[in-house]
There are 2 protein chains.
Amino acid sequence: MTMGNTGGRRKPPTIHDVAREAGVSRGTVSRVLNGGHYVSPAAAQAVDAAIRKTGYVVNRHARSLITGRSDSVGFLLTEPQERFFEDPNFNVLLRGCTQALAAHDVPLLLMLAGTDDERRRITRYITAGHVDGVLLVSSHSGDPVAEELRAAGVPLVACGKPIGLGSKVSYVAADDRDGARDMVRHLLALGRRRIGVVTGPLDTPGGVERLAGYKEVLREAGMEIDERLVVSGDYSRASGEAGAERLLARAPDVDAVFVASDLMAQGVLTALHRAGRRVPEDVAVGGFDDSPAAVAASPELTTIRQPWDRISTEMVRVLLAQMGGEDPAAVILPTELVKREST
Amino acid sequence: MTMGNTGGRRKPPTIHDVAREAGVSRGTVSRVLNGGHYVSPAAAQAVDAAIRKTGYVVNRHARSLITGRSDSVGFLLTEPQERFFEDPNFNVLLRGCTQALAAHDVPLLLMLAGTDDERRRITRYITAGHVDGVLLVSSHSGDPVAEELRAAGVPLVACGKPIGLGSKVSYVAADDRDGARDMVRHLLALGRRRIGVVTGPLDTPGGVERLAGYKEVLREAGMEIDERLVVSGDYSRASGEAGAERLLARAPDVDAVFVASDLMAQGVLTALHRAGRRVPEDVAVGGFDDSPAAVAASPELTTIRQPWDRISTEMVRVLLAQMGGEDPAAVILPTELVKREST
DNA sequence: TTCTCTACTGTGAACGCTCACAGAAGCATG
DNA sequence: CATGCTTCTGTGAGCGTTCACAGTAGAGAA
């Protein structure tokens, strides 16, 4: 009685059913499914109709078994997870990647390598061919997982320039150096001349590049680099606070600070406030990332926005290309200066 | 010359290779792989050794093809994605689910149903049997995707009590009502007597329950519900601000506000500050969620913490049980009052 | 000894798909 | 009229695993 297309189905239709329905052979249906080359228009139409009528969906397992591909990719996070999972930009990245892949009908598997045990299992899983490629989030220098995947020849696209991996690894990154340049130029344009910097960790490309941009612009402007104005942090809020204190102690005449992350910049604001300096009147503060911390701060932070949505789509594009046989590629995307109250 | 275990492998070892290496048959290897029943200790040991030696990893596609299971689950978000992806608690949930599943060697597929097109594709994908179960985040009343999955008999566990779905759907939720009770009791214990409330959307179970808890405690305390003290919001910061203004206009003598989300509570703080009310001296403010907004706020918010880590592990537990044939279940987990500066 | 029962093991036969190949048209060229 | 070429189609094989079944060995009971 109830045999319609709704209701609890037991056995889904196979390519066989579609072939019978369309009056063609399995091979023809398969060809239609895979691009439709070498298929007559009439047959293609019949197959399409049969697919709709039967509600056929390809069994990816059977396909994978023979093709050796899985037609899925992994999103692998080997970073200390707290840090990344608390960064809303990470969400934008994850969402962007998922959607960009979905547009290509490629499922995304989320993999978190926290413990060594997980690392091992995930490495095995990937090298066994259960995913065709990996989107990697890791700024670990010499990440063992990444290295092993690279060695196994798994298509890999890193978010941000990876350290310690050969040039064989693709990556997509924001132009950290140029972002830093923009910010420091902005501070110069405001008439500031004693510009300090709180760097990120200098064993990460981001940390290095942002510092390099800072120095470049000052040199361009004919100024000497005063090492008293350079202190380093680790992207944490606390390190920003400590950094600002050191800065104030070493160079009390500082009139602007370029901080390599918004979170640290929040700490800088706290320290400046405590020291009785007004922002931006006495000291202008520029952050980096355009995280929610930037607007949550008071005053709201001028910062550098990284194009996370474009980063994600580019990562997917590069990965799919590489899975299709193309060579690894590096993509650098421009950043944007977002002016707010702190400068 | 270079034939070691490292390096670019072409063909991964199969169950055949393991069987040959161990001197047993495919069947025996398969039995070892699937629980080891009806296998002699000697054979089991030989197989284990052979697996280690060959570096064998089961081909899940081949397995799935015959078992009909995929041994993977989907994490499905049908909510407007901006809202959830900006909520760090969502991250905790996602991470917790991923890790709990990883412990069972079950991969997680991330699925975002934003557009109708995506919704259709995902529904097809799931009902075609490409995942064995679904972790669902959706407070949509009458979510069509959820309804279709339920109808198709796909094991489903919702995060939070779902609306409009039959009792056949499992869910795991924090005890919203009890959390609200705790907060309002806390405000009463501080001596406040004119306690206002900014509710969440009243077409969600969370919104309804939190309001119910508020009313319960006041009635318990022998107080009448003054409807002037009840305003509704939609969880957004702006709606909190507007709500507080309405509250102040309608009941200027308000001395405490229970706000159904931290984000709204931030808005409430802003409005109170603007109106010249001191927090907590003049008006105590209690939030809900313990989101980062709670500590970012000034003063830091007293709030109700939902056990997101436990919610995730419970969701996974219930889902796996259901995939194993058990009946749907509902799990309600206790919340925790976190006292900070705002009360 | 013979039988039965249990514990274990090996062997096709699938699962649903793609791929290589063989073949059948249709059509122009020699 | 044969020959080649292109376009299209069907068929068998096989991907790596599990499952059902048949079978073997050893222990205990008759």
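Because the structure is predicted, anything quoted here is derived from the model rather than measured.
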Interatomic distance where NE2 belongs to B:His130 and P belongs to C:dG16 [whole Å]: 12 Å
Using the test side chain to side chain contact (heavy atoms under 4.5 Å, CB included), find all partners of A:Ser25 that sit at least two apart in sequence or belong to another chain. A:Thr28
Proximal nucleotide (of D:dG10, D:dC8, C:dT9) relative to the A:Val24 side chain: D:dG10
Considering only heavy side-chain atoms of B:Tyr38, the closest of C:dT9, D:dT9, D:dC8 is C:dT9
Looking only at heavy atoms, what is the nearest atom pair of B:Pro12 and B:Asp17, with distance? O-OD2, 4.5 Å
Those residues that, when tested against B:Thr54, pass side chain to side chain contact (heavy atoms under 4.5 Å, CB included) (two or more places apart): B:Pro13, B:Val18, B:Glu21, B:Tyr56
Could you encode protein contacts along nucleotides 13-22 of chain D as a string, one character per nucleotide from 5' to 3', using B for base contact, S for sugar-phosphate-only contact and - for no contact, with a heavy-atom cut-off of under 4.0 Å? BBBBBB----
So, using side chain to side chain contact (heavy atoms under 4.5 Å, CB included) as the criterion, who are the partners of B:Pro155 when residues are at least two apart? B:Leu319, B:Gln322, B:Met323
Does some side-chain heavy atom of A:Leu110 sit less than 4.5 Å from a side-chain heavy atom of B:Phe75? no
So, B:Arg60 and B:Asp105, do they make that salt bridge, N to O below 4.0 Å? yes
Has B:Ser40 got a side-chain N or O lying under 4.0 Å from the OP1 or OP2 atom of C:dT9? yes
Ignoring backbone atoms, establish whether A:Thr28 has a side-chain N or O less than 4.0 Å from OP1 or OP2 of D:dG10. yes
Report yes or no: does A:Asp132 contribute a side-chain atom to a donor-acceptor pair with the main-chain N or O of A:Ser70 at less than 3.5 Å? yes
Please identify each residue that fulfils side chain to side chain contact (heavy atoms under 4.5 Å, CB included) with B:Ala102, with sequence neighbours left out. A:Arg121
How large an angle, rounded to 10°, do the end axes of the helix from C:dT1-D:dA30 to C:dG30-D:dC1 enclose when each is built from five base pairs? 60°
